[in-house]
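Any value given below was found using the heavy atoms of this structure, including those in side chains, with hydrogens, waters and symmetry copies removed. A, B, ... follow the sequence lines: proteins, then strands. Residue 1 opens every chain. Nothing here was measured: the structure is a model prediction, and the numbers come from that model.
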There are 2 protein chains.
Amino acid sequence: MPVTLKEVAERAGVSRSAVSRTFTDGASVSEKMRRKVEKAARDLGYSPNALASSLTTGRTKLIGLISNNFHNPIFLQVFDLFTRGLQDRGLRPLLVNLTDETDPQASVAMLRQYSVDGAVVASSTLPPGFSKAFRDAGVPVVHSFGRYSSAPQVHVVGIDNVECGRMAARTLVARGYRKIAFLGGPESATSTQDRYSGFFSELGAHRDVTTSYSFADAYSFDAGRREMLRLLKSDPAEAYFCGDDVLSIGVLSAIADSGLRVPEDIGIIGLNDMEMARWENINLTTIHQPIRQIVTSSIELMVAMLDEPDRYPEARIFPCSIVERGTLRPLK
Amino acid sequence: MPVTLKEVAERAGVSRSAVSRTFTDGASVSEKMRRKVEKAARDLGYSPNALASSLTTGRTKLIGLISNNFHNPIFLQVFDLFTRGLQDRGLRPLLVNLTDETDPQASVAMLRQYSVDGAVVASSTLPPGFSKAFRDAGVPVVHSFGRYSSAPQVHVVGIDNVECGRMAARTLVARGYRKIAFLGGPESATSTQDRYSGFFSELGAHRDVTTSYSFADAYSFDAGRREMLRLLKSDPAEAYFCGDDVLSIGVLSAIADSGLRVPEDIGIIGLNDMEMARWENINLTTIHQPIRQIVTSSIELMVAMLDEPDRYPEARIFPCSIVERGTLRPLK
DNA sequence: GGATTTTTTGCAACCGGTTGCAAAAGCGCG
DNA sequence: CGCGCTTTTGCAACCGGTTGCAAAAAATCC
């Protein structure tokens, strides 16, 4: 049904190569030829088959966009930024949902079948083994929102979760909280582990602070609410560092139900600074994660790797910052 | 770099066709041959190039997933359901973000270049012209969350927005509200227009009800809040039917700031029943849109069309239902 | 066991493009 | 106008697969 290069060539009365060259930039074609071919192409409504050309050029301009975070609203923004950024560079995102996938091999095989030029793993919860599997299969890969490591094995773009943990701890201590708790996301997520270790390493220096910790089983409203309702039954802390904003919102809801007030009775600090955090009826104090920069940088890195697949792996880490709103008591 | 069919054939000592047939189901291969080939393929780590085969078969198993709703959290769920549903059927979603695109032609050209087998337009705000453009280009298309029409020109799966408008009106009247307003989303969205017309056609029958209407300029928290703050300045209505849940939440925040109470002073009913609507600190009364069913049905329709591209267009409309929570006064 | 039918296999052409190479065309210049 | 040089063009092979067709092999039947 669709018009092929051969038909255009016949119509224009030229060779197939001539047509091909007109649509390949950098190829040698005279002005006259170009005009002739373009006319014929327009008449016929021709557009070149990207997949056929990928066979010889070895490039599909397809980029696997791989994630398992389809429940956290910030990822809608992540997808928005990724798809637009890739499109702007003429690349096409092939979306892969790894939600209930535990074995990387199947996805690796699939991405190879479609000859993707590269893969972006956008996830804060996938184990590093996934991105390594892609690299081992020879697919250039960037792990966005991945774990910071001083010796990264694949390209990582994200934040320093350990430092975020420290930052949260410093903030709480500075505001005079002395009974402080960590309410993490899933214990298995690397981001949770790192925030935990940063948080407690900072608090270790403060002998007058008492600490405790627990984990919600997902980065979700329900998980946060459920865990906080449990904590409220027996002697809650003065302030909580929560694994994530949506978890924090669940926590706030539990506190409100129990008749306690934020920040008067309990202080809360989240992480991500999702859009909702600044909604006036939530007004969550939180740690801002520079999502836009992470995505932009990931795309730049991906593009660079397309030209230089064996590029030496690097970690690009962006600083986070506290966004003060209404869920922590003010500095004295 | 990747292993090709030819190499497998040489290693197994058979013809290329034999290898091809082993990986094509329904083809005639003896058990002995199959075992030989599979062994060689395994040794070499071969996996067939889906794009190359698409050249002769004419099928890529690529489905364009087209949307411009990257700011409404319910679409994260929509993407989750679509990607998983498509993957489960061996189809691959090629994501297209139309956020600032006004001309369908560019996307049509792109999807043709990649020879997608079909396109799902998942949007409540794109004009019908977009889906028609795909159909005219010979791409099987399903418009999910599209406008209901008794004479659809392309396949449409969604809800009857006119009926939703009526339903909202009936609900408000039944609860004794007599001064009722419509606070729509963007006036240009077909969903807004239909809800508007259903809402007012139902209210037309009630002589004792006074009505008014206005539009927010997006389906967003900020737009809803801004519009409500404006409305609160002069004689607000007793109850509002809001274009969407996230808009409603902005509206609730404005009302809270003004010192009025919901549902005592003002009643609110939303639409969508997004996850957030049932969060205890929001607890929004709303109209449930059966997203899961819409997505599932869209995928089924898409799959059916792959076998029968000229299938007669149909509209699949799912009923919505009121979800009673805390933002309308109870029935008397 | 041989003739006949059915199944399996390989050959070669094709899908829609790209590209190295050599021939053809165009150019500048004396 | 003819020469040498540069640019443009077409030929043909190739990318990694599939498939119709006929030959080869296996299965069935008498």
Please assess A:E314 against A:R316 for the test salt bridge (charged side-chain N to carboxylate O under 4.0 Å, His left out), listing each intermediate value before the final yes or no. CA-CA 6 Å; A:E314 65 184 288; A:R316 296 190 175 180; 3.2 Å; yes
Does the protein touch nucleotides 15-27 of chain C at the base, only the backbone, or not at all? Give it as B, S and - per nucleotide, heavy atoms under 4.0 Å. BBBBBB-------
At 4.0 Å (heavy atoms only), tell me whether B:S28 reaches a base, stays on the sugar-phosphate, or touches nothing. base
Terminal axes of the helix from C:dG1-D:dC30 to C:dG30-D:dC1 (five pairs each): angle between them, nearest 10 degrees: 30°
Could you walk me through whether B:K132 and B:D136 pass the salt bridge (charged side-chain N to carboxylate O under 4.0 Å, His left out) check? CA-CA 6 Å; B:K132 294 218 195 70; B:D136 293 342; over 6 Å; no
Can we say A:R147 and A:D194 salt-bridge, meaning some charged N sits less than 4.0 Å from an Asp/Glu carboxylate O? yes
Can you tell me how far apart CG (B:N69) and CG (B:N97) are? Round to the nearest 0.5 Å. 10.0 Å
B:N49 side, atom CG; A:L55 side, atom CG - distance, nearest 0.5 Å: 6.0 Å
Under 3.5 Å, is there a donor on one side chain and an acceptor on the other for A:S144 and A:S298? yes
Is the B:F145 to B:F75 ring centre distance short of 6.0 Å? yes
With a 6.0 Å cut-off on ring centres, are B:F79 and B:F70 close enough? yes
